[in-house]
Amino acid sequence: MDVAYYPGCSAHMMAREYDQSARLVCRQLDLNLQEIDDWNCCGASSAHSFDRLLAANLGARNLALAGQMNTGCVTSPCPCCFIALKTASLELKENEELRGVFEAGGTSSHEIKVTHLLQLLTEEVGLDSITSRVTHRLSGLKLAAYYGCLTRPARIVGFDDPEQPVSLDLLLEGLGAQTVTWSHKAECCGGALAQARTDIVLDLCGEILEAARQAGASAIVAACPLCQINLDTRQQAIQARNGTEFNLPVVYFTQLMGLAFGFSPRSLGFNRLLTDPSPILQTLK
Amino acid sequence: MSFQVGSIDRTFRDELEMACNVDLDQCWECGKCTGGCTTAHNMDYTPRKIIQLIRIGAVKTLMSCNTPWVCVSCRLCVDRCPAGIDIPRIMDYLREKSLAIKDHGPGVDDIILFHKLLLEEVYKRGRVSETALALKFNMQTGQYFKDAGLGQKLLRKGKISPFSSKVRDLNKVRSFFKQEPDRREV
Ligand code: SF4
Ligand code: SF4
């Protein structure tokens with residue numbers, strides 16, 4: 001299956017291991033991720049905060065480029081990019097004028113199906129196909145599946161549950177791991193405030209890490225570059241402030257899929273995580 | 001914080017309701033939005049109060065409070081609201097409208113600066129380099145050593161790099177901007 005792929009800026013930078021592992025596991029599942037040529041930034045939380053039309057236009061250009069690829073479907077590993085694309089797609093449906101500027105052949109930009117990578121894998125590919133590729137079951141791993149804001153708002157996302165999502169838990173269980181029941185799976189990490197209001201992000205991430213620790217998880221599993229980066233790279237600062245030692249690796253779900261499919265930790269970019277993931281890698285040996 | 005109502009300004013509310021496609025008379029004042037709000041405890045006014053401030057036309061307060069800027073767009077409120085009021089969209093609207101105001105005060109000016117710098121990156125390259133953005137932000141705010149230790153670790157891990165890709169059809173991307181982003185306004 002061919003899918004237009006919108007990596008987003010983080011996947012090209014701080015979340016390269018997400019991109020890298022996503023491409024590996026998708027290939028294994030016969031999903032051909034074709035990166036959209038010349039895609040532009042979705043505008044993150046800044047564009048929609050400053051100028052709604054700017055955000056819509058940035059998304060519309062990406063959708064138009066994806067439409068020209070005739071795959072009928074576009075996917076992004078980043079929830080922020082995904083929401084931005086999906087919002088733009090809805091805006092294009094309502095706003096013919098905006099649509100007119102972008103139509104350039106291929107699938108009409110408002111008709112292309114917009115998915116998050118987790119949605120694509122669990123809904124389109126399906127858990128059965130995924131588990132059938134598992135060669136190294138992740139038995140012994142106790143994981144906290146973390147969704148953050150991925151499934152909100154329900155009206156736009158249209159996938160899983162806004163506050164009690166399960167898709168990632170089911171996927172991880174399909175890989176042979178155990179998942180914990182915990183309070184913070186759909187709480188927000190503070191996202192883009194990490195730079196300007198580090199204090200707020202440290203508070204929020206501290207609570208999430210504490211909840212995962214109390215639930216007995218040995219790692220947190222993320223489906224978002226911002227969540228992974230905040231929870232992983234801010235851990236030491238939170239430790240310094242609260243005195244709690246977490247040492248909780250924060251990994252991308254695609255990295256765990258890759259392990260279960262038999263890829264080496266290095267090829268999946270485990271070496272790029274800040275909080276040492278070797279304890280969980282050793283459990284698997 | 002106290003606020004002055006003065007004469008009730010319906011215009012602001014009407015325009016907001018139209019732009020955000022909401023009907024604030026539907027608000028039950030139940031507070032579910034605030035109950036779930038990620039950053040309610042950092043806000044001058046919680047989301048429920050913001051709805052009431054709009055209803056009574058407290059424009060000045062709405063324009064100067066920190067609420068829309070510390071809202072992290074987590075979208076919990078809209079999913080919990082029994083009346084389906086699109087609060088995140090209202091927050092976007094309030095941000096856009098209050099941009100012109102100078103001196104939002106400590107804690108908010110930095111957030112605005114961050115957004116401006118990010119959009120400046122989009123204007124310049126079509127894509128954002130997190131490294132360049134963090135460096136610029138720290139320089140502009142005079143925090144030369146903020147997260148410096150973390151930065152070194154990330155560099156060693158190959159997580160950050162000063163290089164980033166660029167969009168070829170930049171003119172198209174730039175045409176979406178009403179004006180060239182100018183951070184000097186901050
Ligand atoms: S949840 Fe909705 S109805 Fe309840 S106070 Fe908030 S905006 Fe009003
Ligand atoms: S979107 Fe903003 S106002 Fe709504 S719950 Fe999240 S932080 Fe609070």
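Everything quoted here is computed from the prediction, not taken from an experiment.
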Nearest heavy-atom pair of B:C33 and B:I87: which atoms, and what distance?
CB-CD1, 3.5 Å
Considering only heavy atoms and a distance below 4.5 Å, find which of B:D86, B:L76, B:I111, B:T141 pairs most often with chain A.
B:L76
Please tell me whether A:E35 and A:H12 have a donor and an acceptor in their side chains that are separated by less than 3.5 angstrom.
yes
So, the part of B:D79 with a heavy atom under 4.5 Å from chain A: the answer is side chain
Portion of B:F137 that has a non-hydrogen atom of chain A nearer than 4.5 angstrom
side chain
Please report the closest heavy-atom contact between A:P277 and A:F270, naming both atoms and the distance.
CG-O, 3.6 Å
Give the member of A:Q236, A:E163, A:M14 that has the highest number of heavy-atom pairs under 4.5 Å with chain B.
A:M14
Please identify, among A:L53, A:L273, A:D203, the residue contributing the most non-hydrogen atom pairs under 4.5 Å to chain B.
A:L273
Side chain, backbone, both or neither: which part of A:A237 has an atom under 4.5 Å from a heavy atom of chain B?
neither
Using non-hydrogen atoms and a 4.5 Å limit, figure out which bit of A:T198 sits close to chain B: side chain, backbone, both or neither.
side chain
Flag, side chain of A:R197 to backbone of B:V108, donor-acceptor distance under 3.5 Å:
no
Tell me, out of B:R95, B:E96, B:R127, who's got the most heavy-atom pairs with chain A below 4.5 Å.
B:R127
Select, from A:A194, A:A44, A:S10, the one with the greatest count of heavy-atom pairs under 4.5 Å involving chain B.
A:S10
Identify which part of A:D38 has an atom lying under 4.5 Å from any heavy atom of chain B, answering side chain, backbone, both or neither.
both
I'd like to verify something: which residue of B:G84, B:C74, B:G126 has the highest number of heavy-atom pairs under 4.5 Å with chain A?
B:C74
Which region of A:I83, side chain (C-beta onward) or backbone (N, CA, C, O), has a non-hydrogen atom less than 4.5 Å from a non-hydrogen atom of chain B, or is it both or neither?
side chain
Where does the angle between the aromatic ring planes of B:H104 and B:W69 fall among parallel (under 30°), tilted (30 to 60°) and perpendicular (over 60°)?
perpendicular
Name the member of A:S49, A:G191, A:C188 that forms the most heavy-atom pairs with chain B at distances under 4.5 Å.
A:S49
Proximity breakdown for A:R272 and chain B, heavy-atom pairs closer than 4.5 Å:
both
Can you tell which part of A:I229 gets under 4.5 Å to a heavy atom of chain B, answering side chain, backbone, both or neither?
side chain
Less than 4.5 Å to any heavy atom of chain A: does that hold for the side chain of B:T38, its backbone, both, or neither?
both
Considering only NZ, NE, NH1 and NH2 on the basic side and carboxylate oxygens on the acidic side, decide whether A:E91 and A:R52 come within less than 4.0 Å.
yes
Leading residue by heavy atom contact count with chain A [cutoff under 4.5 Å; candidates B:V78, B:L99, B:V122]:
B:L99
Looking at side-chain heavy atoms only, is the closest gap between B:R55 and B:E29 below 4.5 Å?
yes
Kindly state whether the ring of B:H115 and the ring of A:F50 have centres lying under 6.0 angstrom apart.
yes
Distance-minimising heavy-atom pair for A:A88 and A:A60
CB-N, 4.0 Å
Just checking, is any N or O donor in the side chain of A:S167 or A:D160 under 3.5 Å from an acceptor N or O on the other one?
yes
What part of A:L204 lies closer than 4.5 angstrom to a heavy atom of chain B: side chain, backbone, both or neither?
side chain
A:Y6 and A:W39 aromatic ring geometry - parallel, tilted or perpendicular at 30°/60° bounds
perpendicular
Count the heavy-atom pairs under 4.5 Å between each of B:L119, B:V70, B:D110 and chain A, then report the option with the highest count.
B:L119
Leading residue by heavy atom contact count with chain A [cutoff under 4.5 Å; candidates B:E121, B:K166, B:R80, B:M91]:
B:R80
Apply the test side-chain contact (heavy atoms from CB on, under 4.5 Å) to residues A:C189 and A:V201: give CA-CA distance (whole Å), side-chain angles for both, the deciding distance (0.1 Å), then the verdict.
CA-CA 6 Å; A:C189 72; A:V201 169; 5.9 Å; no
